[in-house]
Chemist: 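First, the structure itself, so that you have it in front of you.
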Amino acid sequence: MALLDPDRVAAIMGLFLVGVNGYSQFYAIYVGTRLATAALALLAARPGQAPILGDLTALFVLAQPAGRLVAASVIGLPHGALLWVCALEMAIGIALLMLRPRPAENH
């Protein structure tokens, strides 16, 4: 959605895009970084992959609400759609960690 309608997504996120630099920064974060995280998740989901790939995916997903919590300590919690996005990021990141394969026990 960020790729197709950046102004709408920016407004939902509480951002106002100004000039080339504003749009460049928005696309870098909301398109580039999110696509890279999605690619990492797809790679981690392939059978036989090292669990660290899933851990890194969870780290990238959980970094978003972690940053929002830092902001919340200074200025307050996000509200509206962004609060739901934050809750979803936390739930997905935690689920990824809970789905982590357990090492086989040596007997």
Side-chain angles (χ1 to χ4, degrees):
M1 188 69 184
L3 185 61
L4 300 175
D5 194 353
D7 292 305
R8 182 175 180 209
V9 173
I12 290 169
M13 300 296 169
L15 303 171
F16 181 71
L17 302 179
V18 178
V20 174
N21 285 355
Y23 282 90
S24 178
Q25 186 65 12
F26 177 85
Y27 277 99
I29 295 168
Y30 289 95
V31 177
T33 302
R34 301 276 170 109
L35 284 175
T37 303
L40 181 59
L42 290 173
L43 180 63
R46 292 176 54 201
Q49 293 298 316
I52 189 71
L53 294 177
D55 295 345
L56 288 171
T57 303
L59 176 68
F60 278 103
V61 172
L62 289 170
Q64 303 270 337
R68 296 184 207 289
L69 289 176
V70 171
S73 70
V74 176
I75 198 159
L77 287 172
H79 52 79
L82 194 52
L83 183 59
W84 288 107
V85 167
C86 183
L88 189 59
E89 290 165 343
M90 287 177 53
I92 290 170
I94 292 168
L96 286 171
L97 292 175
M98 292 176 64
L99 291 170
R100 187 182 201 279
R102 306 249 188 264
E105 292 184 29
N106 294 329
H107 289 97

Chemist: Considering non-hydrogen atoms only, spot the tightest contact between R46 and Q49 and give its length.
Modeler: O-CG, 3.2 Å
Chemist: If hydrophobic clusters are built from ILVMFWY residues whose side chains come within less than 4.5 Å, do L43 and I52 share one?
Modeler: yes
Chemist: For residues 11-28, which residue pairs qualify under salt bridge (charged side-chain N to carboxylate O under 4.0 Å, His left out), counting only residues two or more places apart or in two chains?
Modeler: none
Chemist: Any chance you could measure L15, atom CG, to Y30, atom OH, to the nearest 0.5 Å?
Modeler: 5.0 Å
Chemist: M1: which residues meet the side chain to side chain contact (heavy atoms under 4.5 Å, CB included) condition with it, sequence neighbours left out?
Modeler: D5, R8, V9
Chemist: Flag yes if L88 and L82 sit in one hydrophobic cluster, no otherwise; membership is Ile, Leu, Val, Met, Phe, Trp, Tyr, and two members link when side-chain heavy atoms are under 4.5 Å apart.
Modeler: no
Chemist: Please list every donor-acceptor pair under 3.5 Å in which a side-chain atom of residues 55-79 meets a protein atom from a residue at least two apart or in another chain.
Modeler:
residue: D55; atom: OD1; partner: R100; partner atom: NE; Å: 2.8
residue: D55; atom: OD2; partner: R100; partner atom: NE; Å: 2.8
residue: D55; atom: OD2; partner: R100; partner atom: NH2; Å: 3.0
residue: T57; atom: OG1; partner: L53; partner atom: O; Å: 2.9
residue: Q64; atom: OE1; partner: R34; partner atom: NH2; Å: 3.1
residue: R68; atom: NE; partner: E89; partner atom: OE1; Å: 3.1
residue: R68; atom: NH2; partner: E89; partner atom: OE1; Å: 3.4
residue: R68; atom: NH2; partner: E89; partner atom: OE2; Å: 3.0
residue: S73; atom: OG; partner: V70; partner atom: O; Å: 2.6

Chemist: Any chance you could measure F26, atom CZ, to L3, atom CG, to the nearest 0.5 Å?
Modeler: 9.5 Å
Chemist: Closest approach of Y27 and P6, non-hydrogen atoms and distance?
Modeler: OH-CG, 3.2 Å
Chemist: Is there a path of hydrophobic side-chain contacts, each under 4.5 Å between heavy atoms, that joins L35 and M13?
Modeler: yes
Chemist: Is L40 linked to L42 within one hydrophobic cluster, defined over Ile, Leu, Val, Met, Phe, Trp and Tyr using a side-chain heavy-atom separation of less than 4.5 Å?
Modeler: no
